[in-house]
Structures are given as C-alpha cells and as structure tokens.
S.K.: 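First, the structure itself, so that you have it in front of you.
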Amino acid sequence: MPSYNTLNEIIEKFNKVNSEIRFEGREYKYVNIIFEKNVKKLVYRCEREQHNLVVSMMGDVVVNAEGVYSIGDVAV
C-alpha cells in the first residue's frame with residue numbers, strides 16, 4: 001500500500017490509482033473518480049476520521065491534493 005506523510009508528498013509521488021493508500025498513518029480507501037473538463041479527481045476516504053483526500057490529476061500528473069472533512073456522504 002503506497003504511504004504518504006504530507007499532501008506535497010502525494011503531489012510529488014502519486015502515480016496511479018490504488019484501491020487503498022496510507023496518509024499520515026491512516027488508511028484511505030478509493031471511493032470515486034470525478035471528471036471535470038480535463039481534470040480527474042480521485043476521491044479516497046478514511047471513514048474513521050470522516051476525512052476525504054482528493055487527488056486532482058491532469059493526464060498522469062498530480063496537480064493538487066487536498067483534504068476535505070465530510071460527515072456522511074463523500075463531499076468534494
């Protein structure tokens with residue numbers, strides 16, 4: 001399972017969709033992919049923390065990674 005310690009590390013080292021990733025010592029499961037024009041947003045969820053990671057990619061390049069807190073449904 002790929003492991004990352006910071007959002008910048010995700011931007012630098014993320015290279016493919018995985019069913020699970022580890023971020024700051026917590027496991028996140030792949031939930032969805034959202035397409036917005038030429039950007040695809042990969043959504044990962046850590047249910048225990050009620051936290052999402054959204055990794056935005058253009059082609060094979062990560063252009064942004066952000067954390068989004070959400071109770072209930074996955075919010076982007």
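All values reported here derive from a predicted model rather than from experimental measurement.
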S.K.: Side-chain heavy atoms nearer than 4.5 Å, only ILVMFWY residues, links allowed to pass through others: does that put Val62 and Val39 together?
M.R.: no
S.K.: Minimum heavy-atom separation for Asn18 and Pro2, please, with both atom names.
M.R.: ND2-CG, 3.4 Å
S.K.: To the nearest 0.5 angstrom, please state how far the CZ atom of Arg26 sits from the CZ atom of Arg48.
M.R.: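 It is 5.5 Å, given to the nearest 0.5 Å.
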S.K.: To check you understand the geometry: which heavy-atom pair defines the closest contact between Ile10 and Ala65, and what is its length?
M.R.: CG2-CB, 3.9 Å
S.K.: Answer whether the closest heavy-atom distance between the side chains of Val43 and Ile33 falls below 4.5 Å.
M.R.: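 Contact flag for Val43/Ile33 side chains = no.
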S.K.: Nearest 0.5 Å, what's the OG-NZ distance between Ser56 and Lys40?
M.R.: 11.0 Å
S.K.: Apply the side-chain contact (heavy atoms from CB on, under 4.5 Å) test between Lys41 and each candidate in Val54, Val55, Asn64; give the one that qualifies.
M.R.: Val54
S.K.: With the 4.5 Å side-chain cut-off for hydrophobic clustering, are Tyr30 and Phe35 part of the same group?
M.R.: yes
S.K.: Check the pair Arg22, Met1 against side-chain contact (heavy atoms from CB on, under 4.5 Å), reporting the backbone distance first and the verdict last.
M.R.: CA-CA 7 Å; Arg22 184 177 293 275; Met1 172 184 323; 3.9 Å; yes
S.K.: Considering non-hydrogen atoms only, spot the tightest contact between Tyr28 and Asn52 and give its length.
M.R.: CE2-C, 4.4 Å
S.K.: Would you indicate whether the side-chain heavy atoms of Met57 and Leu42 approach each other to under 4.5 Å?
M.R.: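 Result yes, sub-4.5 Å side-chain heavy-atom pair found.
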S.K.: Before we go on, tell me: are the rings of Phe23 and Tyr4 under 6.0 Å apart, centre to centre?
M.R.: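 That pair fails the under 6.0 Å test.
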